[in-house]
Amino acid sequence: MDEEISLDVCGLQPPEPMERVLEALSQLPQGQRLRMLIDREPRPLYRILDNNGYRYSTHERPDYLYEILIWQKT
């Protein structure tokens, strides 16, 4: 069963959200997923994820926050 780790980076100034998500991904155990909550769409992150073997799903919430679910490609 997949487990999720939550990471809330709302309100942080760049580049701290990117640094935090990359640090969390570097420690993400196989089979776990990272759910990131951020107050703007992290477009630069998508290319990094694509280039490093991750898949992701982005959902814009009614409160204008973005939830990005990230997992390793299998």
Side-chain angles (χ1 to χ4, degrees):
M1 180 170 150
D2 288 344
E3 294 184 30
E4 284 184 8
I5 295 171
S6 295
L7 180 66
D8 184 345
V9 294
C10 292
L12 299 177
Q13 293 301 310
E16 196 167 354
M18 181 75 77
E19 291 171 349
R20 287 200 184 183
V21 71
L22 294 177
E23 174 68 19
L25 288 173
S26 75
Q27 299 176 21
L28 191 68
Q30 184 71 32
Q32 284 196 327
R33 300 189 293 180
L34 178 67
R35 183 175 299 274
M36 177 179 161
L37 187 63
I38 189 168
D39 49 10
R40 60 195 165 277
E41 189 170 12
R43 293 186 185 278
L45 176 62
Y46 300 152
R47 181 176 295 153
I48 292 170
L49 295 174
D50 287 336
N51 290 339
N52 289 283
Y54 291 96
R55 298 181 69 85
Y56 58 90
S57 171
T58 302
H59 171 70
E60 185 177 1
R61 302 183 347 174
D63 58 3
Y64 304 105
L65 296 177
Y66 289 87
E67 274 186 16
I68 295 94
L69 185 62
I70 305 168
W71 65 96
Q72 292 174 327
K73 292 179 185 176
T74 53

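Just so it is clear, the values below take in all heavy atoms, side chains as well, and ignore hydrogens, waters and symmetry mates.
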According to a 4.5 Å side-chain heavy-atom criterion applied to Ile, Leu, Val, Met, Phe, Trp and Tyr, with indirect links allowed, do [X] and [Y] form part of one hydrophobic cluster?
| X | Y | answer |
| --- | --- | --- |
| Ile38 | Leu12 | yes |
| Leu49 | Leu22 | yes |
| Leu28 | Tyr46 | yes |
| Leu37 | Val21 | no |

Nearest 0.5 Å, what's the [atom1]-[atom2] distance between [X] and [Y]?
| X | Y | atom1 | atom2 | answer |
| --- | --- | --- | --- | --- |
| Ile48 | Met18 | CD1 | CE | 4.0 Å |
| Ile70 | Glu4 | CD1 | CD | 11.0 Å |
| Thr74 | Arg55 | OG1 | CZ | 8.0 Å |
| Cys10 | Met36 | SG | CE | 8.5 Å |
| Glu3 | Gln32 | CD | CD | 5.0 Å |
| Leu34 | Ile5 | CG | CD1 | 6.5 Å |

Heavy-atom closest pair (Tyr66 atom, Arg40 atom, distance to 0.1 Å) is CD1-C, 3.5 Å

Shortest non-hydrogen pair, Tyr54 vs Leu25, comes out as OH-O, 3.4 Å

query: So do the side chains of Arg20 and Glu16 get within less than 4.5 Å of each other, counting heavy atoms only?
result: yes

How about Arg43: does its CZ atom have over 12 heavy atoms from other parts shown lying under 6.0 Å from it? no

